Protein chains: 2
Amino acid sequence: MRLFLERGYDATTVSDVAAAAEVSSMTVFRHFPTKEDLVLSDDYDPLIADRIKSQPPDEPLMRRMAASLLQGVAGLSADDRELLLARLRLTLATPALRARQLDNQYATQRAIVEALRSDPPDPDQEFRLWVSAGACLAAAAAAIIRWAEQDGRLDLGELMAYALAIVTGEDGNPPHPSPGRH
Amino acid sequence: MRLFLERGYDATTVSDVAAAAEVSSMTVFRHFPTKEDLVLSDDYDPLIADRIKSQPPDEPLMRRMAASLLQGVAGLSADDRELLLARLRLTLATPALRARQLDNQYATQRAIVEALRSDPPDPDQEFRLWVSAGACLAAAAAAIIRWAEQDGRLDLGELMAYALAIVTGEDGNPPHPSPGRH
DNA sequence: CTAACAAATGATAGTTTCTAACATGTGATT
DNA sequence: AATCACATGTTAGAAACTATCATTTGTTAG
């Protein structure tokens with residue numbers, strides 16, 4: 001991360017990273033399947049999929065998804081958020097990383113649908129799950145991106161709640177437009 | 001496309017494509033900046049962005065976006081749909097293409113926001129645009145993916161209308177669950 | 001018809017990511 | 001102290017690009 005932030009992702013070769021870590025390039029590739037994985041080691045997906053099954057099943061679908069995502073960001077420590085911010089800066093600025101991150105989001109979408117679909121599969125239900133999950137994740141991503149663009153000055157939880165409210169229709173008020181915090 | 005469908009995307013080198021086209025590899029790279037561009041030559045984005053500005057401005061935001069997307073697929077010829085189907089099969093099966101396609105979708109999202117945002121930029125409005133566009137594109141993508149998974153047997157327009165209705169809240173009925181057409 | 005000019009193509013060499021095969025060292029268990 | 005699993009290193013190589021320069025092709029002007 002230090003090298004990538006200093007010299008840029010594309011301008012930093014895996015050999016550079018290996019040298020800085022005082023190992024051979026091969027060792028890097030053994031621990032990180034691709035160069036992208038040096039930045040994007042996404043292990044949030046299973047957590048979200050787990051959390052969504054513990055939501056009250058009488059709530060509407062999208063609200064359950066929204067609640068899971070909000071609980072996810074609520075559980076982030078200050079350190080988590082700092083690291084997330086650094087990764088986001090790099091990711092948004094680097095096409096290769098951006099594409100890969102979006103594919104991770106797609107995997108999360110699949111995990112959510114997988115977690116919620118009924119056992120004898122119902123194609124129509126699964127489609128509705130897929131659409132709803134896609135919309136919620138798009139809202140969450142929008143919040144995270146805006147949060148990163150503002151250098152983390154806004155509150156991520158409030159921002160995401162606002163974004164999700166837009167999508168679920170229960171259109172609330174924007175979170176403290178200017179006050180900021182931190 | 002023929003080679004990619006026959007032998008798979010990863011198993012086909014750019015040299016193979018160049019040989020089949022009876023040109024040198026260099027010539028391929030001059031016409032297609034990356035190997036992915038051989039499959040994903042997305043020129044739909046500007047069309048959608050244009051169309052969205054010609055929607056009745058008194059309609060709710062998401063309905064305008066939905067209408068633009070639906071008009072987009074309505075304008076596809078049978079040949080267009082056939083090519084789209086072949087590309088989708090390949091794209092869904094190939095991680096590299098999938099990631100790139102998602103990045104294209106991200107670019108479309110930006111184009112839509114760009115087309116709709118007010119001239120003195122309003123951060124809150126822009127955020128709402130971003131969230132809404134993301135949700136609509138997620139719904140459209142869900143419809144396209146399902147359409148491809150069903151080998152184009154369902155009607156793409158109806159499927160997308162259904163998906164968009166789920167997201168805009170005006171939850172309709174699923175399109176002819178089984179009849180199919182093709 | 002030819003000369004001249006612009007554009008497309010080709011050839012070559014190089015960098016970078018990533019894979020495969022095999023060799024080496026190191027630490028824990030028996 | 002011998003052995004075995006495992007992390008690491010070395011080397012060779014494929015494949016996607018990039019840069020540079022030569023060559024061809026097509027088009028237009030004289």
Side-chain angles (χ1 to χ4, degrees), chain A residues 1-43 45 83-84 86-108 110, chain B residues 1-43 45 83-84 86-108 110:
Chain A
M1 285 301 295
R2 180 173 57 75
L3 289 181
F4 287 152
L5 290 172
E6 278 173 15
R7 327 207 301 232
Y9 177 81
D10 289 325
T12 307
T13 71
V14 174
S15 287
D16 293 339
V17 176
E22 292 178 334
V23 294
S24 75
S25 314
M26 268 305 307
T27 301
V28 175
F29 280 115
R30 249 189 279 263
H31 289 264
F32 302 88
T34 72
K35 183 184 177 186
E36 292 148 17
D37 286 294
L38 285 169
V39 178
L40 305 172
S41 56
D42 232 356
D43 36 358
D45 301 29
L83 180 60
L84 186 59
R87 293 207 311 207
L88 278 169
R89 267 192 268 270
L90 213 50
T91 302
L92 292 173
T94 312
L97 289 176
R98 214 175 43 211
R100 173 64 189 279
Q101 170 58 35
L102 289 167
D103 199 48
N104 284 353
Q105 185 176 325
Y106 184 78
T108 304
R110 267 181 311 209
Chain B
M1 284 302 295
R2 181 173 58 74
L3 290 181
F4 287 152
L5 290 172
E6 278 173 14
R7 327 208 299 235
Y9 177 82
D10 289 325
T12 308
T13 71
V14 174
S15 287
D16 293 339
V17 177
E22 291 177 334
V23 294
S24 74
S25 314
M26 268 305 306
T27 300
V28 176
F29 281 115
R30 250 188 279 260
H31 289 264
F32 301 88
T34 72
K35 185 184 176 185
E36 292 149 17
D37 287 293
L38 285 169
V39 179
L40 306 172
S41 55
D42 231 355
D43 35 358
D45 302 28
L83 180 61
L84 186 58
R87 292 206 312 205
L88 278 168
R89 266 193 269 269
L90 214 50
T91 302
L92 292 173
T94 311
L97 290 175
R98 212 175 44 211
R100 174 63 190 278
Q101 170 58 36
L102 289 168
D103 200 47
N104 283 354
Q105 185 177 324
Y106 184 78
T108 305
R110 265 181 311 206

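Just so it is clear: chains get the letters A, B, ... in the order the sequence lines come, proteins before strands, and each one is counted from 1. Remember, it's a predicted structure, so these values are computed and weren't measured experimentally.
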### Task
Establish, with yes or no, whether the OP1 or OP2 oxygen of C:dT9 is under 4.0 angstrom from a side-chain nitrogen or oxygen of B:His31.
yes
### Task
Starting at atom CZ of B:Phe32, determine the distance to atom P of C:dA8, rounded to an integer number of angstrom.
14 Å
### Task
Provide, to the nearest angstrom, the distance between the CD atom belonging to A:Glu22 and the C1' atom belonging to D:dA7.
17 Å
### Distance in angstrom units between B:Met26 CE and C:dT15 P, rounded
17 Å
### Query
Which of these passes salt bridge (charged side-chain N to carboxylate O under 4.0 Å, His left out) with A:Glu36: A:Arg100, A:Arg98, A:Arg87?
A:Arg100
### Task
Quickly work out the A:Leu97 CG to C:dT17 P distance and round it to whole Å.
12 Å
### Message
Output the rounded distance in Å from CZ (A:Phe29) to C1' (D:dT10).
### Response
15 Å
### Protein-nucleotide distance (A:Asp37, atom CG; C:dT19, atom C1'), rounded to Å
16 Å
### Query
Atom CZ of B:Arg30 and atom C1' of C:dA11: how far apart are they, to the nearest Å?
10 Å
### Query
Within 45° of the six-membered ring axis of B:Phe29 and under 6.0 Å from that ring's centre, is NZ or CZ of B:Lys35 located there?
no
### Message
Nearest to the A:Lys35 side chain among D:dA15, C:dC18, C:dG10, which nucleotide is it?
### Response
C:dC18
### Query
Whole-Å distance between D:dA16 C1' and B:Asp16 CG?
13 Å
### Message
Do the side chains of B:Arg110 and B:Asp45 get close enough for a salt bridge, i.e. N-O under 4.0 angstrom?
### Response
no
### Query
Among the nucleotides D:dG9, C:dT9, C:dT17, which one has an atom lying closest to any side-chain atom of A:Val14?
C:dT17
### Task
For C:dA11, take OP1 and OP2 only and decide whether either is under 4.0 Å from a side-chain N or O of B:Ser24.
no
### Query
Any side-chain heavy atom of B:Thr94 sitting closer than 4.5 Å to one from B:Phe4?
no
### Query
Hey, does B:Thr34 reach any base, or is it just sugar-phosphate, or nothing, if we go heavy atoms under 4.0 Å?
sugar-phosphate
